[in-house]
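Take a look at the structure set out below.
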There are 2 protein chains.
Amino acid sequence: LNILNYKSTLQETQERIAPYVHCTPVLSSRLLNELAGAQLFFKCENFQRMGAFKMRGAANAILNLTNVQQAKGVVTHSSGNFAQALSLAAKSLGIKAYIVMPENAPQVKKDAVRGYEGEIMECESTIAAREALSKQIQQEKGATFIHPSNDDDVILGQGTAACELLEDYPDLDYIFTPIGGGGLIAGTALAAQAFGNSCNVIGGEPFIVDDAYRSLISGNIEKNKVTGTIADGLRTHLGDRNFPIIQKYVDKIIRVEEGEISVAMRLIWERMKIVVEPSSAVAFAALLRDKENYKDKRIGIIISGGNVDLNNISF
Amino acid sequence: LNILNYKSTLQETQERIAPYVHCTPVLSSRLLNELAGAQLFFKCENFQRMGAFKMRGAANAILNLTNVQQAKGVVTHSSGNFAQALSLAAKSLGIKAYIVMPENAPQVKKDAVRGYEGEIMECESTIAAREALSKQIQQEKGATFIHPSNDDDVILGQGTAACELLEDYPDLDYIFTPIGGGGLIAGTALAAQAFGNSCNVIGGEPFIVDDAYRSLISGNIEKNKVTGTIADGLRTHLGDRNFPIIQKYVDKIIRVEEGEISVAMRLIWERMKIVVEPSSAVAFAALLRDKENYKDKRIGIIISGGNVDLNNISF
């Protein structure tokens, strides 16, 4: 990633993916503004195609392949939103997507991928099995592996949400995003550097999976020993492509308790009347936890997605 | 209501209430379009202030009072969205709202009214007690009674949602709304007459409370013997102000089963990522039930509100 040219690179990325993604709306709520003591601008990627920002990075990664590569398809391992995003982006471009998923992945996630015509390749529920099968598909099919978050084109694609947000609101003081694999926050940080006016980027992370918080302290990519957060999109760790960007351009990471995530999610559902997944609520939860430090500021908050299993919600 | 002048009357109403209401967004979904076989435009009154279209009618009714009347406050009986709407509209204008509610009304509804500074006056859970207390408040306080749906200014206010929708999409073939007390559909029908281009208005109504459907057949205002629908906003019957408008200008009423309401509501939550109340889903359920008759049409659907008790949702 040529860090010096990311302004034009981000603009090119926006143009490239425009036919395949929605420019999502930005919503505000008087009541949530009062509660936070700041002016909040929620960038609603829950309204993105397939229901999450991941569509942006997946589309960009596929569009940057050569025709020869595209003809042989793409492969990833994910049981979350990136699996759906890569499947839909591939379908939109008429190419093949192989999705490596653990055989015990929830049926609802398998159905979602199949709904977008991704071909599910099942393996045992270990990292070794997952990586072995991905390798095998790359070799046998000639498919190109695309990582859900640690890939330059994916990072740039995810950054376009913040580009759009800053087009509408160029004078934001802060942008808050959740931090999981690091693709969204790294892309957002590049966008804030390129198009913001002294706009700082802040990550929200569950205490239970605070690998990114610890990584910024230690200077190494830390991992999580347990993953039992309700913010199921944030269980993964950073990678060598996004970590340097995060080290350089992310202002800080605020950790939140599970209960704070639930409260923030409920506030968004009840007050803004939008369906967001728990991972999406982590950025807002982080702001609420630390709101004394952001009084009267203009704050963008990226709502990362809205894919929840309505059979399993409880407040 | 001077039916001949409703075009300018609606325009004046829009201007009058503009400082007190949101111009709500219109959302679309490729997936729901495919499912319905038509082009759908959802007017999202769940994003309206206090979470429902009722804010429009309440604001208009209060704004049309004289200063002397406003100084003495307003009164209504409702345990639903109109209670909140009148409270918030009154609060916004610095006047007093008395809300007659049965003593056994759910705590969450009482809290919502108090949140908007409405003064709750409790009575027994009978129509007689409700009306007696309303009368008493009118006499003792000099407050003006405002009916939730059978009031010309309320009807005109509710019609402004369709005015906005037709400003954005002037060539709609149909607008679907839920039908409960009749204020929304009557106002919508006036707006469609005034600003539509051969735009027909269709009501969705639960089979269990099909009073409006039966009223159109009999020519008299019919009532419901049972009220056990999940669409709790649609349990009331029509009134003498809105029924003539509905008779004259509403194309037809389509009745739906309770299960169809649930399916439609779930589709809206899952696919559009917005929180809507069961009553809101009735219009979409009606379209889905009868979709063969609306192939390839351009259809506005009014999402009436998004106030649900998240502790009690189940799909």
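Naming convention: chains lettered A, B, ... in sequence-line order (proteins, then strands); numbering from 1 in each chain. Every value quoted in this text rests on a predicted model; they were computed, and no experiment measured them.
At a threshold of 4.5 Å between non-hydrogen side-chain atoms, the residues B:V275 and A:I274 do not count as touching.
A distance of 5.0 Å separates CG of B:L310 from CZ of A:R266, quoted to the nearest 0.5 Å.
Sorted by first and then second residue, the salt bridge (Lys or Arg N to Asp or Glu O under 4.0 Å) pairs with a member in residues 16-44 of chain A read A:K43-A:E164; sequence neighbours excluded.
Closest approach of A:L27 and B:F47 over heavy atoms only: CD1-CZ, 4.1 Å. Across all their heavy atoms, A:N46 and B:K273 have their closest contact at O-CG, 3.1 Å.
Atom NZ of A:K297 has 12 or fewer neighbouring heavy atoms from other residues, nucleotides or ligands inside a 6.0 Å radius.
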